[in-house]
Each structure stands twice: as structure tokens, then as C-alpha cells.
Amino acid sequence: MVIDPIRAAVAPYAALIKAIAVVLVLMLVFALGWNRGADRWQGKFDGEVAAHKATKAEFKRMTRDLADRTKALAEQAKAASTAAKAARKTNDQRFEDAEREADRAKRNLRDALRRGTGPVRLRDEWTCGRPGAGEGDAAAPAGGQDAAADLRAAGAADLVAAGKRADNWITWLQSELISTRTACGIP
């Protein structure tokens, strides 16, 4: 005998009703939780987007800064190169002037030694006191010197000029070394 007719009528469907009730409760929990979870995930997404924008802006700033520094260094290198070229040109011009001066001094010294005039004279052991000793006894003395006096004068002038050229070369090398060190920023 059935005391509760509703329970007897619903009993075959009890499992289905429980399943529907559970699904409805889960849907309700999911719907309420979804809204709250969506806000939380939306906040994280917005944070990531903002962080990405900040990273891009920082990268753009760093790239611009690097480009500016590169441009400044290129300008400094160009200025240093121009200064080095100018210093080299000055050193070369100074060397060429000194070489011309050495040639002129050589000619003047040779001429003065040949003439036997001027502040510089050959030592006595370089002159020949015997007439015609350079070319035999038949040669006439020229100003108290033999015929080889021109060769001795030219040799002495060449010797002095070679020393002056060596000094000029050393001066040029030192100037180049100093200007190169200056261009490279070495004190």
C-alpha cells in the first residue's frame, strides 16, 4: 500500500530529476562563477597587453638611443679621421719642406766646399797639398786643391745631407706616431 502517492508517481523518475537538479545547480554555479572568472582573466589579459605595450615602448626607446649613439660615434670617428688626415697632410708637408731645405743646404755646402769659401771647409787631410795628386803630376792645381776635390766636396755634402734627411725622416715618424695616438685617443 502506497501511503505517499506523489512519491510513488515520481519514483521512477527520481534519478532523472536528481540529474536535472544537479545539472541546473552546476549551470547556476558555472554562470555565476563565469562572470567572476571572466573579470579576473580579463584583468590578467589587460595586464599582459599593458606589459607588452611597455616592452615595445622600451624596445623602441632603446633602439632610438642606440641609433643616436651610433650616429654620434660615427660623427666622432669621421671628425677623428678628418683630423688625422689633416695632421698627416701637415706632417707630410713639413717633411717635404725639410727635404727641399736639405737639398738646398746640400747644394750650398757642395758649392762652398768647391769654392773653398764659407764657414765650412774640408779638413786638411781631405785636401791635397801636392799639385795634381789626383790625376797625376800633369794636372794643374785649382785653388790649392787637386782634381778630386770636387768629388770630396760632393761626398761631404752628400754625407751631411744624408744626416739631415735621416733627421727629417725621424721627425716625420715621430709626428705621425703622435698624431696617430692623438687620433686614437691615447694620451
Side-chain angles (χ1 to χ4, degrees), residues 33-127 134 142-143 145 147-187:
W34 176 266
N35 196 16
R36 229 178 338 169
D39 290 343
R40 184 174 52 133
W41 286 108
Q42 184 65 38
K44 284 187 176 185
F45 177 76
D46 291 343
E48 287 294 321
V49 168
H52 182 66
K53 284 182 181 179
T55 302
K56 281 177 65 176
E58 178 66 16
F59 178 72
K60 192 181 263 186
R61 186 199 59 78
M62 286 174 40
T63 305
R64 194 176 322 111
D65 184 49
L66 182 62
D68 292 343
R69 287 183 183 189
T70 303
K71 185 178 179 181
L73 286 175
E75 289 172 359
Q76 286 177 352
K78 186 175 181 180
S81 175
T82 302
K85 284 179 186 177
R88 179 163 287 124
K89 188 174 182 179
T90 301
N91 292 339
D92 289 345
Q93 186 62 43
R94 197 176 308 141
F95 177 74
E96 289 171 8
D97 293 345
E99 285 291 303
R100 281 194 292 278
E101 178 61 28
D103 287 340
R104 187 187 63 72
K106 175 184 169 183
R107 286 191 307 273
N108 291 344
L109 178 63
R110 185 186 59 224
D111 293 344
L113 289 173
R114 284 181 179 163
R115 286 190 309 267
T117 61
V120 179
R121 294 183 186 221
L122 291 176
R123 298 172 103 187
D124 287 339
E125 58 264 21
W126 281 42
T127 60
Q145 296 182 348
D150 283 345
L151 291 176
R152 285 193 295 275
D158 285 343
L159 186 63
V160 170
K164 191 163 180 93
R165 279 196 174 86
D167 287 343
N168 292 341
W169 184 249
I170 289 168
T171 302
W172 180 83
L173 286 172
Q174 288 173 338
S175 298
E176 283 296 306
L177 179 63
I178 290 168
S179 67
T180 302
R181 288 175 63 97
T182 302
C184 292
I186 300 171

Does Arg88 form a side-chain contact (heavy atoms from CB on, under 4.5 Å) with Lys85? I'd like the steps, not just the answer.
CA-CA 5 Å; Arg88 179 163 287 124; Lys85 284 179 186 177; 5.7 Å; no

Which distance, rounded to the nearest 0.5 Å, do you find between the NZ of Lys106 and the CG of Asp111?
11.5 Å

Donor-acceptor contact present, side-chain Thr63 to main-chain Phe59, <3.5 Å:
yes

Atom CD in Glu176, atom CD1 in Ile178: separation rounded to 0.5 Å?
10.0 Å

Is Asp97 paired with Arg94 through a side-chain N to carboxylate O contact shorter than 4.0 Å?
no

Set out, in order, the CA-CA distance, both residues' side-chain angles and the distance that settles side-chain contact (heavy atoms from CB on, under 4.5 Å) for Asp68 and Arg64, then state yes or no.
CA-CA 6 Å; Asp68 292 343; Arg64 194 176 322 111; 4.2 Å; yes

May I ask you to check whether over 12 heavy atoms, not counting those of Arg69, lie within 6.0 Å of atom CZ?
no

Applying salt bridge (charged side-chain N to carboxylate O under 4.0 Å, His left out), can you list everything that pairs with Glu99, at least two apart in sequence or on another chain?
Arg165

From CG (Leu173) to CG (Asn168), nearest 0.5 Å
11.0 Å

Take Gln174 and Ile170 through the test side-chain contact (heavy atoms from CB on, under 4.5 Å) and record every step on the way to the result.
CA-CA 6 Å; Gln174 288 173 338; Ile170 289 168; 3.9 Å; yes

From Arg107 CZ over to Arg104 CZ, what is the distance, rounded to the nearest 0.5 angstrom?
8.0 Å

Would you name the heavy atoms of Ala102 and Ala161 that are closest together and state the gap between them?
O-CB, 4.5 Å

Report the distance from atom CD of Glu48 to atom OG1 of Thr55, rounding to the nearest 0.5 Å.
9.0 Å

What is the minimum heavy-atom distance between Asn91 and Trp172, and which atoms define it?
O-CD1, 3.4 Å

Is it the case that atom CD in Gln93 sees more than 12 heavy atoms from other parts of the structure closer than 6.0 Å?
yes

Apply salt bridge (charged side-chain N to carboxylate O under 4.0 Å, His left out) to residues Glu75 and Lys78 and explain how you reach the verdict.
CA-CA 5 Å; Glu75 289 172 359; Lys78 186 175 181 180; over 6 Å; no

Gln76 and Leu73: side-chain contact (heavy atoms from CB on, under 4.5 Å), yes or no, with the steps?
CA-CA 5 Å; Gln76 286 177 352; Leu73 286 175; 3.4 Å; yes

Look at the aromatic rings of Trp169 and Phe95 and report parallel, tilted or perpendicular, splitting at 30° and 60°.
perpendicular

